[in-house]
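Okay, structure first, notes after.
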Amino acid sequence: MKEPKQLSVSAIQNGTVIDHIPANNLFKVIQILRLDHIDSQITFGTNLESKKLGRKAIIKISDKYFEDDDINRIALVAPDAKLNIIRDYEVVEKKVVVVPDFIVGIAKCVNPKCITNFEHVTTRFKVVSKKNVSLKCYYCEKITNQENMQIF
Amino acid sequence: MILNNAEKPNRATIMKNRSLVSIDDLTTDEVLRILDLAGEFEINPVQKLLDGKVIATLFFEPSTRTRLSFESAISRLGGKIVGFSDANCSSVSKGETLHDTIRMVNSYCDLIVMRHPVEGSARFASEIATVPVINAGDGANQHPTQTLLDMYSIRKTQGTLDNLNIFMVGDLKYGRTVHSLVMAMSRWNTTFNFISPEELSMPDEFKLYLENLNLKYYEHSDFTEIISKADIIYMTRVQKERFSDPIEYEKVKNVYVLKNSMLRNTKPNMRILHPLPRVNEIHTDVDSNPKAYYFEQALNGVYTRQAILCSVLGVK
């Protein structure tokens with residue numbers, strides 16, 4: 001018997017769906033977008049099967065739309081994420097995450113001797129590689145790459 | 001953008017009130033302008049161009065050459081020095097943050113010269129200060145005034161910066177002077193020869209940087225065979241504490257020692273540079289060889305720093 005097709009995470013009427021998040025970075029995405037600080041109804045699923053990512057996560061946020069600059073902040077942890085903008089249960093727009101040229105805050109510099117790890121300094125990075133995201137610290141000039149990236 | 005002559009900034013204003021934190025902060029023209037100006041100071045070192053100016057020299061960690069040559073440069077220019085040469089003599093020992101120290105010192109002086117063990121500290125200070133900041137070394141990161149004096153020494157001894165074959169010997173992994181010099185000299189079609197033990201080889205990021213510029217570099221573990229090709233030999237110290245295995249250090253410790261007998265077949269124009277302090281990597285029998293240039297190089301530091309001080313203050 002054929003299995004019935006059903007949604008792992010229930011549909012929303014209006015809002016934003018963020019799909020194709022690597023499962024292990026779901027909570028980092030929640031943290032970066034500060035979803036734990038908003039009042040909207042949020043549902044998420046994780047460890048869902050994905051041909052591309054192996055295991056993926058998905059977040060559905062009701063009645064919330066993001067500015068591009070805000071959403072691009074998740075590029076560090078979910079560069080392949082796709083956004084569906086939902087109005088009245090219909091996808092009215094699709095967006096992809098674009099890795100920005102500069103990253104302010106969000107990530108920690110990997111260099112333990114960097115000033116940003118000693119004093120209250122907002123981290124600033126130039127994105128030197130967008131494919132496997134790697135960041136050059138504006139202060140100590142050392143490279144932080146995806147493997148050793150820590151999100152605040 | 002093309003500027004007509006009336007709009008072109010003159011030499012005295014082009015760097016005015018701009019901090020010097022990293023060698024990459026300078027355009028090629030600005031580098032050459034500083035080297036030209038250093039040449040003028042070599043001919044006429046005592047010029048009271050900083051009369052009435054107060055320069056803060058903040059050395060949060062010990063330094064001999066850099067601090068003394070900066071203070072000598074300031075004195076020859078008629079400037080006054082305030083500062084400290086040891087963080088224990090400052091409020092840092094009471095727990096003051098760098099942020100607060102810079103905010104405070106900023107109001108006492110026209111320029112800050114700073115050495116600090118934490119990487120990126122000079123860039124941070126330059127954001128807080130309203131006066132220019134000159135980085136006199138921030139941990140293992142940048143030491144741009146050393147790079148400029150190295151370049152001054154190279155141009156002075158070779159007559160050019162173009163198409164030179166530069167040998168870098170010793171600790172190429174941790175040495176900030178060699179990293180900055182590679183970045184700076186890559187603007188002049190330089191061929192690099194990197195000679196080091198495997199554990200201390202030039203990091204990949206710098207090799208990749210050269211590859212992207214289509215510049216030639218070669219790596220060796222010994223340099224006796226190829227030394228005859230060098231225009232500049234830039235020696236650095238191989239430190240025992242850099243090795244995870246002390247046996248490895250014992251194996252290589254004598255490979256990277258330059259002796260006078262090795263200089264027999266070297267080019268007449270070849271000169272030996274070293275950022276100093278030297279321990280045993282250049283045998284003292286090299287000192288009397290006319291190709292040994294490291295003490296003159298240290299003297300060039302004064303002229304170069306005079307040029308840098310005047311450039312950032314816009315007084316020449």
Side-chain angles (χ1 to χ4, degrees), chain A residues 25 28 31-32 34 69-70 72-77 79-80 98-152, chain B residues 19-26 58 60-61 87 91-92 95-104 114-129 133 135 137-144 147 173-174 176-180 182-184 203-209 211-212:
Chain A
N25 284 343
K28 285 180 182 167
Q31 192 184 346
I32 292 169
R34 296 173 63 84
D69 283 353
D70 285 338
N72 289 342
R73 288 156 52 92
I74 69 170
L76 293 183
V77 293
D80 298 319
V98 178
V99 182
D101 295 328
F102 295 94
I103 303 277
V104 178
I106 307 173
K108 193 173 181 295
C109 179
V110 71
N111 177 10
K113 289 184 182 167
C114 177
I115 186 76
T116 59
N117 292 316
F118 280 84
E119 294 210 3
H120 186 69
V121 189
T122 305
T123 59
R124 287 162 72 183
F125 299 94
K126 186 178 181 204
V127 178
V128 288
S129 167
K130 293 196 174 185
K131 208 172 173 191
N132 292 314
V133 178
S134 69
L135 311 174
K136 184 175 182 181
C137 177
Y138 171 75
Y139 293 97
C140 75
E141 307 184 20
K142 296 284 180 296
I143 303 288
T144 298
N145 52 32
Q146 216 147 17
E147 295 92 74
N148 48 34
M149 200 173 291
Q150 278 186 48
I151 304 297
F152 285 121
Chain B
S19 293
L20 175 58
V21 174
S22 167
I23 193 73
D24 288 345
D25 293 346
L26 299 176
L58 311 184
F60 293 87
E61 65 175 5
S91 303
V92 175
E96 186 175 55
T97 61
L98 177 62
H99 174 275
D100 289 4
T101 305
I102 297 296
R103 276 294 295 269
M104 180 267 299
M114 168 180 145
R115 167 169 287 194
H116 198 284
V118 173
E119 294 162 23
S121 52
R123 182 73 68 194
F124 179 51
S126 75
E127 292 180 332
I128 301 161
V133 173
N135 182 7
D138 60 329
N141 185 31
Q142 288 284 334
H143 193 1
T147 309
K173 184 174 181 183
Y174 297 102
R176 66 182 168 197
T177 55
V178 288
H179 298 162
S180 295
V182 165
M183 302 290 274
D204 288 344
E205 61 196 271
F206 296 99
K207 292 188 272 184
L208 195 64
Y209 182 80
E211 281 167 27
N212 288 336

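Convention: sequence-line order gives letters A, B, ...; per-chain numbering from 1. Values reported hereafter were calculated over all heavy atoms of this structure, with side chains retained and with hydrogens, waters and symmetry mates removed.
Residue Pro100(A) comes nearest to Asn72(A) through the heavy atom pair CD-O, 3.7 Å, listed as atom of the first residue, atom of the second, then distance. Here the closest heavy-atom approach between residue His179(B) and residue Lys173(B) is recorded as CE1-O, 2.9 Å. The nearest pair of heavy atoms linking Gly137(B) to Arg176(B) is CA-NH1, 3.7 Å. Ser19(B) approaches Asp25(B) most closely through the heavy-atom pair O-OD2, 4.2 Å.
Using a 4.0 Å cut-off between charged side-chain N and carboxylate O, Arg124(A) and Glu127(B) make a salt bridge.
Counting only distance, with no hydrogens or angles, the side chain of Asn148(A) and the backbone of Asn145(A) share a donor-acceptor pair below 3.5 Å. Listed for the Asn135(B) side chain is no donor-acceptor partner under 3.5 Å among the backbone atoms of Ala122(B). Between the side chain of Gln150(A) and the main chain of Val110(A), no donor-acceptor pair closer than 3.5 Å is present.
Within a 6.0 Å radius of NZ in Lys207(B), more than 12 heavy atoms belonging to other residues, nucleotides or ligands are found.
The contact list for residues 111-123 of chain A toward chain B, using heavy atoms and a distance under 4.5 Å, reads Asn111(A), Lys113(A), Cys114(A), Ile115(A), Phe118(A), Glu119(A), Val121(A) by residue number. The stretch residues 128-137 of chain A places none of its residues near chain B, where near means some heavy atom under 4.5 Å from a heavy atom of that chain.
The structure places NZ of Lys126(A) at 13.0 Å from CD1 of Ile103(A), a figure rounded to the nearest 0.5 Å.
Of the residues considered (His99(B), His116(B), Arg123(B)), Arg123(B) shows the highest number of contacts with chain A, using heavy-atom pairs under 4.5 Å.
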